[in-house]
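Some notes on the structure that comes next.
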Protein chains: 2
Amino acid sequence: MKLLIVGSVAFDAIETPFGKTDKIVGGAATYIAITSSLLNVPCGVVSVIGDDFGNENIDIFRKRNINIEGLEIVEGGKSFFWSGKYHNDLNTRDTLVTEVNVLENFDPKVPDSMQDADILLLGNLHPLVQLSVLEKMHQRPKLVILDTMNFWMDTAMEDLKKMIAKTDVISINDEEARQLSGEYSLVKAAKMIHEMGPKFVIIKKGEHGAILFHDGKVFAVPALPLEEVFDPTGAGDTFAGGFAAYIAKKGDFEFETMKAAVIVGSALASYTVEKFGTERLVELSEEDIVHRIGEFRNLTAFEVMVD
Amino acid sequence: MKLLIVGSVAFDAIETPFGKTDKIVGGAATYIAITSSLLNVPCGVVSVIGDDFGNENIDIFRKRNINIEGLEIVEGGKSFFWSGKYHNDLNTRDTLVTEVNVLENFDPKVPDSMQDADILLLGNLHPLVQLSVLEKMHQRPKLVILDTMNFWMDTAMEDLKKMIAKTDVISINDEEARQLSGEYSLVKAAKMIHEMGPKFVIIKKGEHGAILFHDGKVFAVPALPLEEVFDPTGAGDTFAGGFAAYIAKKGDFEFETMKAAVIVGSALASYTVEKFGTERLVELSEEDIVHRIGEFRNLTAFEVMVD
C-alpha cells in the first residue's frame, strides 16, 4: 500500500543533558518519511519549506525515493524552526524558540501522483489544514491516521472534533486523551474518543509505552527500558511512521496488524532516542529493525503454568 | 515449596472517590497470605496483632489453612491501624491516621513448623526486624524476597542496605528505585541495586505495570487497563504474594519462572483494586485467576511479519 504523509519539514535546535545541536533537519513528516523508507513502503510527503532548507537537505528525501512533488518550496521564505531544551529527566522540556515561518500560511497540495494513496497520515498541524488535505483527495484513503496535540485542544477544539470525526486511527498521549475526553481512566477516555469517530485509539505514554484500543479490545506494549535516552525529539513521529508503514506493508486493517504495527512503531522510536534528531534513524539497517522487534518479543513474552 | 510471610496484619479504614469503609482487615501479610492460599501454596504468617483483632478475623487465616503459629496476639494490645484517603486520580493519597500500636515492639518469632520454608517473603517493615527474621531461621531459605519503601530509605538506609545485601529478589516502586540508587534511568538503577545484592530486581510502576531485571535481561508487563480502579490498597502486597506463591508452586528460580510470577502477581493485583480491601480477593475462584492471566496474554501477545 502507498502512504501519504502530511506534516512539518523543519529545522530543530536541540539541547539535552548530553549536548546540543545547531540547526538540524527535523519535523514530523521528515521522521515519518524516513521511517517509511526504512520499511520500503512507497510514500510521499506534503509539506512546505523555505528556500533556506537547502538542496542537500532535500536530498534526504530524494535519495530514499520519497515522493516530494507535494513538498512546496517558498522562494524567500524561511522553514519552520523549533528550539528546545530538555530537562535532566528527559521527560519534560522548555521550548526556547518557535518560528512558524512558511508553515503559517501552509496550503497543502496533494499531487496527482499521490492521489491513489491507500493510507493518509496527518501529522500534528492545525485541524483545518488536516481537514483540507482530506477534501483535496479525489477519493477518501482507505485509512486515515491522525496525530494531534493538546495545543489544538486548547485553541481549536471544534475544528479538531470535525477532523477526529473523519479519522480511523488517532494517536495521542495520555494527558491529551484525558483532556479530549474529560475522563481520567484511559479505558473510559478511549471509549469516549471511539464515539467521536476513530475505530482505533492509540494512547502514547512515553517511557511507559503505548496502549491500543479497538472495539472493546485492548493491546499494551511497554517501552523498551533504555539505559540512556539521549534525545526524545521525533520519538512520537517515528512511532506514527513505523505504525503507518507497517500497516501499508502488511496491507490490511485487522486488529492483529494494528497490534504488530504498534510494536514496529515502538521499536523504531526506541532507536530514534539513541542519538540527536534523525541521526540514529538514518543509519538503521533492516537487520537492526528485526533485532529490535525481537527484543520487544523477549521483553514481553511469557509462559504461565496454570493447573 | 513452602512460603513464610512476614508482615503486618492490621486494620485499615479507607476512603476513595467511590465510598469509604469502617475498620476493615488489612496489612501486607494478610493480602499475601490470602493470595498464596488462592494458589494452594502452603504458607505461614509471622506477625503481631492486639486482642482487638477478633477471633472472626483470625478465622480468615484459619479457614484457608494458613499456618498462624507465628501470629502473636498481644493481650490488651491494639492492632496496627492505618487510615487513608485517596485522591480522585487514585494514584495519590493522604494518610489520615497511623497507629503503630503492637507493631512498635514487634519481635518476630518463627515457629518450628515454618523453619523449613523454602521461600521467605519479607513484607514492608523496619529493616532490622526483617534482618532478625533471617537470623532466626535455622537455615537460610532458598529464596529471600524483600518488599520495602521510601520511608526506610529516609530513616534507616544503612540497616536497609544490610537487609538488601541478604536479599535475592527486591520489589520496590520506580521512585524508590531512583532514591535507592541515585539513578534516574531505571535500567541504571536496577544495575546499581543488583550490585547491592539482589539477583532479581522488580520495579513496580503502578498503573504503568512492572519491570523485572535479572543478569542483563529484562521483562516488562503493562498493567491491565481498567475502567475503574475502586481501591488501590493492597495491590502491591497482592502482587508480591502472587509473585512469591507462583514461584513456590512452580518450584524453581529460573528467569522464565520469575517472568510468569510477575504476570500472576499482576493478574491478582488487578483483581484486588476492583473492590475495597480484600473483598474482591477472597471471592476469587481458580477460574477467575486463569481467566485474568489469559487477559494478560491477550493484552501483550503479538506477531510481527518481518520479511
Side-chain angles (χ1 to χ4, degrees), chain A residues 17 39-40 88-91 174 178 183-188 190-191 203 205-211 213 217-229 246 249-250 256-264 267 286 289-290 293-307, chain B residues 17 39-40 88-91 174 178 183-188 190-191 203 205-211 213 217-229 246 249-250 256-264 267 286 289-290 293-307:
Chain A
L39 294 175
N40 303 311
N88 281 336
D89 64 8
L90 285 137
N91 277 323
D174 41 2
R178 287 174 174 138
E183 291 285 352
Y184 183 82
S185 151
L186 296 181
V187 177
K188 286 188 178 176
K191 269 191 192 170
I203 299 181
K205 304 197 299 172
E207 62 163 330
H208 302 301
I211 313 182
F213 294 92
K217 294 192 286 279
V218 56
F219 174 69
V221 57
L224 195 71
L226 295 170
E227 185 139 348
E228 207 90 89
V229 170
Y246 180 80
K249 207 174 166 72
K250 186 71 168 33
E256 290 304 313
T257 300
M258 299 288 177
K259 283 162 62 174
V262 168
I263 294 292
V264 172
E286 202 163 308
I289 300 170
V290 170
I293 291 168
E295 289 190 271
F296 270 86
R297 187 171 290 111
N298 290 339
L299 179 67
T300 58
F302 63 87
E303 201 47 63
V304 175
M305 167 208 77
V306 194
D307 61 13
Chain B
L39 295 175
N40 302 311
N88 280 336
D89 64 5
L90 286 138
N91 277 322
D174 42 2
R178 286 174 174 137
E183 292 285 352
Y184 183 82
S185 152
L186 296 181
V187 177
K188 286 188 179 176
K191 269 190 191 169
I203 299 181
K205 304 198 297 171
E207 61 162 332
H208 303 301
I211 313 181
F213 294 92
K217 294 194 284 281
V218 57
F219 174 68
V221 58
L224 195 70
L226 295 171
E227 185 138 347
E228 207 91 87
V229 170
Y246 180 80
K249 208 173 165 73
K250 186 72 167 33
E256 290 305 312
T257 299
M258 299 287 178
K259 284 162 62 173
V262 168
I263 295 292
V264 173
E286 202 164 307
I289 300 170
V290 170
I293 291 168
E295 288 189 272
F296 270 87
R297 187 172 290 111
N298 291 339
L299 179 68
T300 59
F302 63 88
E303 202 47 63
V304 176
M305 167 207 77
V306 194
D307 62 13

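Quantities reported herein were computed from a predicted structural model and do not represent experimental measurements. Each chain gets a letter, A, B and so on, in the order the sequences are listed, and its residues count up from 1.
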Counting only N and O atoms by type, is there a donor-acceptor contact under 3.5 Å from the side chain of Lys259(B) to the main-chain atoms of Ala301(A)?
yes
Contacting moiety of [X], where chain A heavy atoms sit under 4.5 Å:
| X | value |
| --- | --- |
| Phe219(B) | both |
| Ile263(B) | side chain |
| Lys205(B) | side chain |
| Lys217(B) | neither |
| Val264(B) | side chain |
| Leu224(B) | neither |

Rounded distance (nearest 0.5 Å) linking atom CD1 of Ile211(B) with atom CG of Leu299(A)
8.0 Å
Are side-chain heavy atoms of [X] and [Y] found at a separation under 4.5 Å?
| X | Y | answer |
| --- | --- | --- |
| Glu256(B) | Glu303(A) | no |
| Phe302(A) | Val262(B) | no |
| Tyr184(A) | Leu90(B) | no |
| Val187(B) | Pro225(A) | yes |

Looking only at heavy atoms and a cut-off of under 4.5 Å, which of Leu226(B), Ile289(B), Val229(B), Leu186(B) has the most pairs with chain A?
Leu226(B)
Quick check on the interface: out of Ala190(B), Ala260(B), Ala220(B), who has the most heavy-atom pairs with chain A under 4.5 Å?
Ala220(B)
Quick check on the interface: out of Val221(A), Val218(A), Asp89(A), Ile293(A), who has the most heavy-atom pairs with chain B under 4.5 Å?
Asp89(A)
Can you name the residues that form a salt bridge (charged side-chain N to carboxylate O under 4.0 Å, His left out) with Glu207(A), not counting sequence neighbours?
Arg178(B)
Salt-bridge present (Glu228(A), Lys188(B); N to O < 4.0 Å)
yes
